[in-house]
**Student:** 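Quick one: the structure is below, and I'll ask about it shortly.
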Amino acid sequence: MSLSLCKVRLQEERKQWRKDHPFGFYARPKKTADGTLDLTRWDAGIPGKSNSLWAEATYPVTITFSDEYPSKPPKVMFPPGFWHPNVYPSGTVCLSILNESQDWRPAITLKQIVLGIQELLTNPNPDSPAQEPAWKAFSKDRATYEKKVKEQAKKYANAT
Amino acid sequence: MGKDTYLRKILGPERLSKIRASKVLMVGAGGIGCELLKDLLLSGFGEIHIIDLDTITLSNLNRQFLFLKEDIDKLKSLIVAKNVQSFNYFDCKLIPYHGNVMDTKAFPLEWYNQFDYIYNALDNLEARRYVNKIALFLRKPLMESGTTGFDGQVQPIYPYETECFDCLEKATPQTFPVCTIRSTPSKPVHCIVWAKEFLFQQLFSFSTLQEVLQDQLRGETDDSEEIDRINKEANELFALKSLISQEDFPSQVIRKIYDEDIEKSLRLETLWKNREKPQVLDFENTYKGPLMDMLSDASNESILSDDARSCTLLEILYIFWVSIVRLQKRVNENQELDILFDKDDEDTLNFVSAAANLRSHAFHIDLQTKFDIKQIAGNIIPAIATTNAIISGFSDLASLNYWNSNFETKHAKTTFISIKENKRATSAAVGPPSKKCASCGQVSRGIANISKDMLKMTVQDLLLKIIKKYGYGDDISLLLGQGELIYDYDFDDNLESKLADIKSFKSNEILLIQDEEDNWENLELYLNFVDGDSIFDLPDLTLRPKPQVELPKEDEDKNDDNGPELEAGFIEIDDEDEPPAKKRKIQEEIEIL
């Protein structure tokens, strides 16, 4: 018998998202084997900002909520090996608002999370490296960094 | 003179006869339970059921007076029921259960329904929350009690009339990420956890499973370089362990842990970009000579047992060295191949406290005394017999009000005790249910009795029945279990599915219904499958209008500190300086009876 708070909040997030979500983003709970929706695991898509290296592509993430949400933040993951200085090799996003001991607050909404990640794509935080290749390239070899970002954008390019 | 003469005078004949006819449940037969059972018995209750899942251990005997030495390893619930018989003056019927209160098969909701009153005498948050929810579903009065050291509290809970257990947020136990423990400690406790759960186990506990660590690591960290380093370190320690039969084992350990490993960690420059770099001990050049001198003087051994001493680094090294030598001897000579940390095992405690302090030194963290480290490493929550006895007394006495003919829930009082002179015992009126409480303030509850043949009904049928019964608008959502959405406005795939096909729609599960139009509060229905035909009974409830939505508007969120209601600071039950009821009117005198 879990705490009601987590479930109530997740359904509230779903409702708020339905009413209002930023253009180009999607977020939906995963379907379970018996045809229901699992509100603790979501698939979401983050569009790269237009006029940036990340433009014209939508990057997939999975968002996982624990029983202790919203006391504790959800975990957000890109596909493994995602090229970004603040994304761990496993795909986990390193972002202060997703860190319980840093800026996570229970009031942060799903919309704020995905917008935060979109912002992080174009503005990496070099002080908080999560993977070596992208971080090194970003710090020391900007040409390679940008080339890799563009390649990755092609991989996740929006259908036209 | 009858045995109950005084009881009759104190309680009044009417109240006593009601109490004699009552059936109550006591959850937990430990520190508080032992005391409470005696109190309830002597208050004249007619029937007491007792649940506990534990067996009696030696360390219980200093305060759980219903247990004797010969009871060790026996079941607590059975033994308490047996050992109170010598003073069972009012012929109370005692029914013990050995089991977990959260086991829905052994103790389904309807089982709880037989009781007039529930007493919690528990030691953990999870079970307390569970029983609180049961009480909310059944609207049963519940007496909550707890102690920490000299502090204690009893809280009577009258569901939906007074605050429930979840109305006040509780601190959740802290866990530490692997990387903080293994690479970047910043507090004494990080070093203590490392010394006790990693270093000690790696060197002296044979049963340590490397696999566990791997799973934990994968779950918690993602920096592959970091994982590699941590794994390598563990493997190297394993190699080090094999040197335990050699005489220079102690110095090998010190050099490996406090020189080599720190040097390696310093090479991972990014770790130290925003942190202070750790310092290498430099054992051979700086400390080995003086340490050898210390070791040759037997009078230094008094340091080992001085728990309150603020040791110098050299003294800590001395303690570390001696504890390693002693543990080494136990392994080599006594063939103790699996030594477990025990706060009462002096060698293991000396090893862990010295190892933790040496690591604290390396990472520029304040050193602790052995006494302090013992508290943390031993997970010691001081349990004091007197506190338990006082709190159990209050638990019993405060509940007796309930059987008063003119009792009203608004007269219920919560009581705190502490060691502070002017606050030995204070009581305060219990508050109404918190509007922010997700367990009671924002949700109504009831039991839905359903016979199995009704599971051929579709989700749509269920939806219509609920809407009709409770007066919701068309737009509601249905959730089961942890967060399984069956239906909402945007998800109608299951409308035609039979309830039997939804796996989580089963007995003892909870169906959460939410009004998407935000007019009415949430509703939780406990699914209770019953024998019979065509039974589909939804509980009669009048829903309250929905309280204000908890999500702050984004634009107003600029000011971080005002909006989020959910963010209300954690309140610890036992925090001396900030009792939860601080803002309430505290009454100086206690009127319980």
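Below, chain A is the first sequence line, B the second, and so on; all start at residue 1. Only a predicted model underlies this, so the values are computations on that prediction, with no experimental measurement involved.
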**Student:** How long is the straight-line distance from CG of A:L39 back to OG of B:S477, given to the nearest 0.5 Å?
**Tutor:** 8.5 Å
**Student:** Is A:R18 salt-bridged to B:E516, going by a charged N under 4.0 Å from an acidic O?
**Tutor:** yes
**Student:** First locate atom NZ of A:K7, then atom CD1 of B:I510, and finally report the distance between them rounded to the nearest 0.5 Å.
**Tutor:**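 Spacing of NZ (A:K7) from CD1 (B:I510) equals 5.5 Å.
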**Student:** Name the region of B:L479, side chain, backbone, both or neither, that has any atom closer than 4.5 Å to a heavy atom of chain A.
**Tutor:**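 The side chain, not the backbone.
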**Student:** Give the minimum heavy-atom separation between B:K503 and A:A33, together with the two atoms involved.
**Tutor:**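 Minimum heavy-atom separation between B:K503 and A:A33: NZ-CB, 4.4 Å.
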**Student:** For the candidates B:D490, B:N522, B:V443, which exhibits the highest count of non-hydrogen atom pairs separated by less than 4.5 Å from chain A?
**Tutor:**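 Top option by heavy-atom pairs under 4.5 Å: B:D490.
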**Student:** Roughly how far, to the nearest 0.5 Å, is CG of B:L512 from CG of A:L10?
**Tutor:**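 These two atoms lie 11.0 Å from each other.
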**Student:** Could you look at A:P126 and say if it's the side chain, the backbone, both or neither that has a heavy atom under 4.5 Å from chain B?
**Tutor:**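 Contact with chain B: backbone only.
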**Student:** Is it the side chain or the backbone of A:R14 that comes within 4.5 Å of chain B heavy atoms, both, or neither?
**Tutor:** side chain
**Student:** Enter the distance from A:Q11:CD to B:D488:CG here, rounded to the nearest 0.5 Å.
**Tutor:**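 Those atoms lie 5.0 Å apart.
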**Student:** More than 12 heavy atoms of other residues, nucleotides or ligands under 6.0 Å from NZ of A:K49: is that the case?
**Tutor:**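 Atom NZ in A:K49 is crowded, with more than 12 foreign heavy atoms closer than 6.0 Å.
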**Student:** Is B:D518 paired with A:K15 through a side-chain N to carboxylate O contact shorter than 4.0 Å?
**Tutor:**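 Counted as a salt bridge, because a side-chain N and a carboxylate O are separated by less than 4.0 Å.
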**Student:** Non-hydrogen atoms of chain A under 4.5 Å away: do they reach the side chain of B:Y487, the backbone, both or neither?
**Tutor:** neither
**Student:** Take B:L480 and A:T36, measure what side-chain contact (heavy atoms from CB on, under 4.5 Å) needs, and give me the verdict at the end.
**Tutor:** CA-CA 9 Å; B:L480 276 173; A:T36 59; over 6 Å; no
**Student:** Inspect the surroundings of CD in A:E146 and state if more than 12 heavy atoms from other residues, nucleotides or ligands are less than 6.0 Å away.
**Tutor:** yes
**Student:** side-chain contact (heavy atoms from CB on, under 4.5 Å) between B:F491 and A:K31: does it pass, once the steps are laid out?
**Tutor:** CA-CA 11 Å; B:F491 180 61; A:K31 223 170 184 171; 4.0 Å; yes
**Student:** Using 0.5 Å steps for rounding, measure from the NZ atom of B:K436 to the CG atom of A:L5.
**Tutor:**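 Answer for the NZ-CG pair, B:K436 versus A:L5, is 12.5 Å.
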**Student:** One pair to check against side-chain contact (heavy atoms from CB on, under 4.5 Å): A:D34 and B:E484. What are the steps and the verdict?
**Tutor:** CA-CA 10 Å; A:D34 56 337; B:E484 247 186 81; 3.8 Å; yes
**Student:** If you count the non-hydrogen atoms of other residues, nucleotides and ligands that lie under 6.0 Å from CG in A:N123, is the total more than 12?
**Tutor:** yes
**Student:** Is B:D475 in contact with chain A via its backbone, its side chain, both, or neither, using a 4.5 Å heavy-atom distance?
**Tutor:**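 Side chain only.
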**Student:** When you look at CD of A:E56, are more than 12 heavy atoms from neighbouring residues, nucleotides or ligands closer to it than 6.0 Å?
**Tutor:** no
